[in-house]
Amino acid sequence: MKDTQLAQIAVTEDYTGAIANPIYLSTAFQHQGLGQSTGFDYTRTKNPTRNDFEVAFSKLEGGAASFATASGMASIQLVCSLFKPQDEILVSYDLYGGTFRLFQYYEEQYGIHFKYVHFDQYTEVVDAITPHTKALFIEPISNPLMIEVELAPYYELAHQYGLLTIIDNTFLTPYLSTPLEDGADIVIHSATKYIGGHNDVLAGVVTVKDPDLVQKFELLHNMIGATLSPFDSYLLQRGLKTLHLRIDRAQDNARRLAERCRTLDSIKEVLYSGRTGMLSLRLEKDVSVEKLLKFTRVCRFAESLGGTETLITFPYTQTHVDMPDDEKESRGIDQQLVRLSIGIEAYEDIENDLLQALNKSREGVIQ
Ligand SMILES: *Cc1c(COP(=O)(O)O)cnc(C)c1O
């Protein structure tokens, strides 16, 4: 676990002594003379506020450079830009829906192949490698089943075959896991989730340590142009200041709730990796999901995660709507499964809310 405060100290020179980082809205920066630059020329290329966040984030990740983008998907698209037609990428079977959709598009449009494998089954992954394989793309905690994959064997495998290891670390954040320090090449975050942390900024970030990749991403980030705005960069930096506190609290709340839910006869199964604030509940047949989503007040029915508020989603018709029903059922994503992103509210408020809603949602209960 890292000291998220230390990485915060602004790197841009500031003569006012401001404790909170300044927001530089300027898109253009004046040159002192021909061939001279302050280090800032044009905001798409480099902006002081975005740079402050990127430098702080790199420090937390143990990387050499970070690239903040306008959304998590823009970060994933940035990474896709590294590949050529015929390249093959092995991808987590349980993948974020938006990433799956983007990969499908790249497959159809550009002939980059994405092969879905179970990273909890090592030999299946090894067998899937061909001379065209260029990378592994892994979500370390599967969604919504919350199964954590052990990454160390894949760093070794990737090294052996000369593959890039790309980790979507959105669920864990650098506070709980620093894949670059362990052997990964590229780390992606949807910073919309825990990094921003307040459900009020859409953002992504790519972090790398290899100088060659730093150079490539500097080029691509500026060329494609889906860079993060100064104001949103400021919000991410502000989010970083409380990341450790928010994760500690959300994780603590989630652990207590998981334990409590295991004792309830309205809940058939609790799916929790033991880390993060993400947990899924498989409800007994006599509990109506529709009613539950209506009767919760503290836990709100909305489609995101990693924020201060506790949110509930229904994967069957939300995050996994594009997946055929039989495929969903076979993966255990059935119509009694709800996913919770536990927030930082007082624990009792979350528990009481869930219990009252569960009670009202059982069959035979008249409203
Ligand atoms: C939300 C999410 C994304 C996409 O990020 P956006 O900020 O919504 O574009 C990618 N991966 C994971 C694991 C996510 O949860």
Side-chain angles (χ1 to χ4, degrees), residues 50 53 57 66-81 89 91-106 114 116 119 135-149 151 165-177 179 184 186-207 221 224-229 232-233 235-236 239 243 246-247 250 254 273 275-280 302-307 309 311-315 318-323 333 339-343:
R50 193 172 72 233
F53 166 74
F57 200 74
S66 286
F67 302 89
T69 60
S71 70
M73 290 317 304
S75 281
I76 296 173
Q77 196 215 354
L78 194 62
V79 171
C80 282
S81 312
I89 302 164
V91 182
S92 290
Y93 195 66
D94 258 331
L95 195 69
Y96 175 73
T99 309
F100 177 76
R101 197 165 47 200
L102 183 74
F103 287 174
Q104 258 184 326
Y105 180 78
Y106 268 78
F114 298 89
Y116 292 86
F119 281 101
L136 309 175
F137 186 103
I138 309 174
E139 285 183 11
I141 296 186
S142 76
N143 175 23
L145 302 182
M146 309 302 164
I147 299 160
E148 189 163 358
V149 170
L151 296 173
T165 324
I166 306 163
I167 307 294
D168 181 336
N169 206 35
T170 299
F171 277 29
L172 289 163
T173 83
Y175 182 56
L176 295 179
S177 171
I186 301 174
V187 172
I188 296 170
H189 284 85
S190 165
T192 313
K193 316 295 168 51
Y194 283 107
I195 306 300
H198 294 70
N199 294 315
D200 60 3
V201 56
L202 188 77
V205 53
V206 175
T207 309
H221 193 222
I224 296 170
T227 56
L228 194 65
S229 79
D232 289 347
S233 300
L235 286 177
L236 289 193
L243 180 67
R246 288 185 288 104
I247 295 211
S273 71
R275 301 212 284 169
T276 84
M278 299 301 297
L279 91 125
S280 294
E303 221 169 336
S304 192
L305 65 99
E309 293 83 12
L311 303 183
I312 308 190
T313 44
F314 182 48
Q318 293 188 298
T319 51
H320 289 68
V321 66
D322 291 335
M323 194 179 281
I333 304 163
R339 187 192 78 183
L340 285 93
S341 168
I342 303 299

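All ligand and atom numbering here is 1-based and tracks the order in the structure. Residue numbers run from 1 in the order of the sequence given. Heavy atoms only: backbone and side chains are in, while hydrogens, waters and symmetry mates are out. All of these numbers come straight from a predicted model, not from anything done at the bench.
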Please indicate whether any nitrogen or oxygen in Thr99 is less than 3.5 Å from any nitrogen or oxygen in ligand 1.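 No; the residue has no nitrogen or oxygen that sits under 3.5 Å from a nitrogen or oxygen of the ligand.
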
Ser75-Thr69 side chain donor-acceptor pair, cut-off 3.5 Å: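 Judged by distance alone, the side chains do pair up.
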
Nearest heavy atom to atom 11 (N) of ligand 1 wins, so pick from Thr170, Asn169, Thr319, Asp168.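 Shortest heavy-atom distance from atom 11 (N) of ligand 1: Asp168.
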
Give me the nearest non-hydrogen protein atom to [atom] as residue plus atom name, then the distance to 0.1 Å.
atom                   : result
atom 4 (C) of ligand 1 : Tyr96 CE2, 3.5 Å
atom 5 (O) of ligand 1 : Ser190 OG, 3.0 Å
atom 7 (O) of ligand 1 : Thr192 OG1, 2.6 Å
atom 2 (C) of ligand 1 : Lys193 NZ, 2.5 Å

Do you know which of Leu78, Ile166, Val187 makes side chain to side chain contact (heavy atoms under 4.5 Å, CB included) with Val206?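 Only match with Val206 under side chain to side chain contact (heavy atoms under 4.5 Å, CB included): Leu78.
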
Exactly one of Leu305, Ile342, Leu176 should register a side chain to side chain contact (heavy atoms under 4.5 Å, CB included) with Thr276. Which one does?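 Considering Leu305, Ile342, Leu176, a side chain to side chain contact (heavy atoms under 4.5 Å, CB included) with Thr276 is found only for Leu176.
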
Might you point out which heavy atoms bring Ile195 and Arg246 nearest each other, and give the distance in Å?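 Ile195 and Arg246 have their closest heavy atoms at O-NH2, 3.4 Å.
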
For residues Asp94 and Ser142, report the shortest heavy-atom separation together with the two atoms involved.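 Looking at all heavy atoms of both residues, the closest pair is OD2-CB, 3.5 Å.
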
Looking at NE2 of His189 and OH of Tyr194, how far apart are the two atoms once the value is rounded to the nearest 0.5 Å?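 It comes to 11.5 Å.
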
Could you list the atoms of ligand 1 found under 4.0 angstrom from a heavy atom of [X]?
X      : value
Gly72  : 5 (O), 6 (P), 7 (O), 9 (O)
Ala203 : 7 (O)
Met73  : 4 (C), 5 (O), 6 (P), 9 (O)

Are Phe103 and Phe137 near enough that their ring centres are under 6.0 Å apart?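 Here the rings of Phe137 and Phe103 have centres that are less than 6.0 Å from each other.
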
Is the closest heavy atom of Ser75 to ligand 1 under 4.0 Å?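 For ligand 1, residue contact (heavy atoms, under 4.0 Å) with Ser75 is absent.
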
